[in-house]
Amino acid sequence: MDNKVDIFYQNVAKNVKNTRLKYNKTQLDIAYNALNYDTDSFYSQLENNSNNKHFNLKQLFLISEYLNCSIKDFFDEYNAPKI
């Protein structure tokens, strides 16, 4: 994958994690309550960009709804080079 895109995904994941921690939620809270997953293992892969997994827009929307925050928070101040 293009390095710029990888950097973008990493920064979005970092912002999701930081927002989750700001609201004192665990990975399991988000996985179960926002995304309706049975476990937090897949969510953990998304948040850590493991196995080439990354968040999609639906997941980001659902997480922002659950945390009652703006979806824009996940895209703020990422350090990806300008395309």
A.B. asks: How far apart are the closest heavy atoms of S70 and S64, and which atoms are they?
C.D. replies: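 Closest approach of S70 to S64, heavy atoms only: C-CB, 4.2 Å.
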
A.B. asks: Does a donor on one side chain and an acceptor on the other come within less than 3.5 Å for N48 and S44?
C.D. replies: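 Yes, because at least one side-chain N or O of N48 sits under 3.5 Å from a partner of the opposite role on S44.
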
A.B. asks: Where do T19 and C69 come nearest, in terms of heavy atoms and distance?
C.D. replies: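 Smallest interatomic distance, heavy atoms only, reads CG2-SG, 3.9 Å.
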
A.B. asks: Indicate the atoms forming the closest heavy-atom contact of D29 with K25, along with that distance.
C.D. replies: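 Shortest heavy-atom separation between D29 and K25 comes out as OD2-CA, 3.4 Å.
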
A.B. asks: Do N11 and F75 have side chains that get closer than 4.5 Å, going by heavy atoms?
C.D. replies: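 No - every pair of side-chain heavy atoms lies 4.5 Å or more apart.
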
A.B. asks: Does one hydrophobic cluster hold both F42 and L28, with members joined at side-chain heavy-atom distances below 4.5 Å?
C.D. replies: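 As far as the 4.5 Å side-chain criterion goes, L28 and F42 are not connected within one cluster.
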
A.B. asks: Measure across A31 and T39 and return the closest heavy-atom pair with its distance rounded to 0.1 Å.
C.D. replies: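 Smallest heavy-atom distance, with atoms named: CB-O, 3.4 Å.
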
A.B. asks: Please round to the nearest 0.5 Å and tell me the distance separating atom CG of N49 and atom CD of Q10.
C.D. replies: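 With rounding to 0.5 Å, CG (N49) is 5.5 Å from CD (Q10).
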
A.B. asks: Checking side-chain polar atoms at under 3.5 Å, does N33 have a donor or acceptor matched by the opposite partner on Y66?
C.D. replies: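 Side-chain D/A pair, N33 to Y66: present.
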
A.B. asks: Side chain to side chain contact (heavy atoms under 4.5 Å, CB included) for I30 and L67? Distances and angles first, verdict last.
C.D. replies: CA-CA 9 Å; I30 303 296; L67 295 176; 3.9 Å; yes

A.B. asks: Taking atom OH of Y9 and atom CG of L46, what is their separation to the nearest 0.5 Å?
C.D. replies: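 So the gap between those two atoms works out to 11.5 Å.
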
A.B. asks: Roughly how far, to the nearest 0.5 Å, is OH of Y32 from OH of Y37?
C.D. replies: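 Atom-to-atom, Y37:OH and Y32:OH are 15.0 Å apart.
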
A.B. asks: List the steps and the verdict of side chain to side chain contact (heavy atoms under 4.5 Å, CB included) for N15 and D73.
C.D. replies: CA-CA 7 Å; N15 288 337; D73 294 344; over 6 Å; no

A.B. asks: Would V5 and L57 show up in the same hydrophobic cluster when neighbours are defined by side-chain heavy atoms closer than 4.5 Å?
C.D. replies: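 Linked within one cluster.
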
A.B. asks: Can you tell me how far CD of E47 sits from NZ of K17, rounded to the nearest 0.5 angstrom?
C.D. replies: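 It is 6.0 Å, given to the nearest 0.5 Å.
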
A.B. asks: What is the distance from atom CZ of F74 to atom CG of N18, rounded to the nearest 0.5 Å?
C.D. replies: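 Output value for this atom pair is 10.5 Å.
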
A.B. asks: Considering residues, nucleotides and ligands other than N56, do more than 12 of their heavy atoms fall under 6.0 Å from its CG?
C.D. replies: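 Atom CG in N56 is packed in, count exceeds 12.
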
A.B. asks: Could you check whether any side-chain heavy atom of V12 comes within less than 4.5 Å of a side-chain heavy atom of L60, counting everything from C-beta outward?
C.D. replies: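 Side-chain contact under 4.5 Å: yes.
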
A.B. asks: Check whether any side-chain N or O of D40 sits under 3.5 Å from a backbone N or O of Y43 as a donor-acceptor pair, and report yes or no.
C.D. replies: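 No, D40 side chain to Y43 backbone: no donor-acceptor pair under 3.5 Å.
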
A.B. asks: Taking atom CD of Q27 and atom OG of S41, what is their separation to the nearest 0.5 Å?
C.D. replies: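 If we round to the nearest 0.5 Å, Q27:CD and S41:OG are 10.0 Å apart.
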
